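Notes to accompany the following structure.
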Number of protein chains: 2
Amino acid sequence: MKETKLCPRLSKAMELLGKRWTTLILYQLLDGPQRFNEIESALPVSGRLLSERLKELEKEEIVQRKVYADVPVRVEYSLTEKGSALEGAIREVENWSQTWIK
Amino acid sequence: MKETKLCPRLSKAMELLGKRWTTLILYQLLDGPQRFNEIESALPVSGRLLSERLKELEKEEIVQRKVYADVPVRVEYSLTEKGSALEGAIREVENWSQTWIK
DNA sequence: TAGTGTCAGTTACTTTTTGTAACTTGATTT
DNA sequence: AAATCAAGTTACAAAAAGTAACTGACACTA
């Protein structure tokens, strides 16, 4: 890939947030901890991709995964501090969309 | 595709901004109007995709394209008002990346 | 006047990502 | 024994992205 003088931190951030569904998943989690199926129902994303994205976000410590040994098993996803710190950015996009998208 | 109660405006916004390179192209344009080759050199994006993204952004009236009949031809891209209105969101992501990405 | 260079793309082709839908696992209810 | 549920996983097809070579209009150089 080409080498540029683009800030590596911003580059990394956009590599995550610029991936399809990622920001909408985080937006959904702004409403509080949610289970896999809740997120899947709230967004037009398939289980395959949701699973993949949640794994990435967990690895980056943006999202936390918690398993409850209920029957059937219950898995809750929530934002970490790092994830919650994205709320400002996400709300800005939300506001922008309300103003500028018809 | 699945039907959800997700806000169509936010959905549309994320369809644009969530596409690879889009936000970085806009970030680059925050520095002022720039030519095709300048943007291409500043980012690790290929001419093919840069061209495609700029077309989408122009269609959405987020970016404006201006042709100068110089020799060789000069084409400048700049943010419209709608595009500039994204600065807040982009700066939030930039700040987040400085704080949270190692 | 044939060859070289510039800019702003476009084309052809390969590799990666996504979309879709069916399947799995383990315990429970019918 | 068959059906149900949550939380995924798998297999396969379709779409998007990566890569590099090519184009066209003009001007400059040998």
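Small disclaimer: the values here were computed from a predicted structure and weren't measured.
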Can you check the [X] [atom1] to [N] [atom2] distance for me, whole Å?
| X | N | atom1 | atom2 | result |
| --- | --- | --- | --- | --- |
| D70(B) | dG9(C) | CG | C1' | 17 Å |
| L43(A) | dG19(C) | CG | P | 12 Å |
| E40(B) | dT6(C) | CD | P | 14 Å |
| K19(B) | dT17(C) | NZ | P | 17 Å |
| E15(B) | dA15(D) | CD | P | 15 Å |
| I25(B) | dA8(C) | CD1 | P | 15 Å |

Seminar exercise, completed: Per atom distances to the R48(B) side chain, the nearest of dT20(C), dG8(D), dT11(C) is dT11(C)

For this session: Would you indicate which nucleotide in dA8(C), dT20(C), dC26(D) comes nearest to any side-chain atom of V71(B)?
Result: dC26(D)

Can a side chain N or O of [X] be found less than 4.0 Å away from OP1 or OP2 on [N]?
| X | N | answer |
| --- | --- | --- |
| Y77(B) | dC7(C) | no |
| S51(B) | dA8(C) | no |
| W21(A) | dT18(C) | no |

Taking atom [atom1] of [X] and atom [atom2] of [Y], what is their separation to the nearest 0.5 Å?
| X | Y | atom1 | atom2 | result |
| --- | --- | --- | --- | --- |
| R65(A) | T80(A) | CZ | OG1 | 15.5 Å |
| E52(A) | W21(A) | CD | CH2 | 13.5 Å |
| L54(A) | L49(A) | CG | CG | 10.5 Å |

Exercise. Of the residues in residues 29-37 of chain B, which ones touch DNA chain C at a heavy-atom distance under 4.0 Å?
Worked result: R35(B), F36(B), N37(B)

Exercise. R53(B) side chain to R20(B) main-chain N or O, any donor-acceptor pair under 3.5 Å?
Worked result: yes

Test: [X] and [Y] ion pair at under 4.0 Å:
| X | Y | result |
| --- | --- | --- |
| R91(B) | E94(B) | yes |
| E60(B) | K12(B) | yes |
| K19(B) | E15(B) | no |

Which heavy-atom pair separates [X] from [Y] by the least distance, and what is that distance?
| X | Y | answer |
| --- | --- | --- |
| S46(B) | E40(B) | C-OE2, 4.2 Å |
| L6(B) | P44(A) | CD2-CD, 4.0 Å |
| R35(A) | V73(A) | NH2-O, 4.0 Å |
| L50(A) | V45(A) | N-CG2, 4.0 Å |
| A42(A) | T4(B) | O-CB, 3.3 Å |

For this session: Assign each of V73(A) and G47(B) to its nearest nucleotide of DNA chain C by heavy atoms, then name whichever residue's nucleotide is nearer the 5' end.
Result: G47(B)

Seminar exercise, completed: Whichever of E38(B) and L49(A) has the more 5' nearest nucleotide on DNA chain C, that residue is E38(B)

Seminar exercise, completed: So, with a heavy-atom separation below 4.0 Å from DNA chain D, the residues of residues 52-60 of chain B are E52(B), R53(B)

Exercise. Hey, which of these two, P72(A) or R20(B), hits DNA chain D nearer its 5' end, going by closest nucleotide?
Worked result: P72(A)

For this session: Would you indicate what R74(B) reaches in the nucleic acid, counting non-hydrogen atoms under 4.0 angstrom: base, sugar-phosphate, or nothing?
Result: sugar-phosphate

Exercise. Which part of the nucleic acid, if any, lies within reach of Y68(B) when heavy atoms closer than 4.0 Å are counted: base, sugar-phosphate only, or nothing?
Worked result: nothing

Seminar exercise, completed: Axis-to-axis angle across the helix from dT1(C)-dA30(D) to dT30(C)-dA1(D), five pairs each end, nearest 10 degrees, ~ 30°

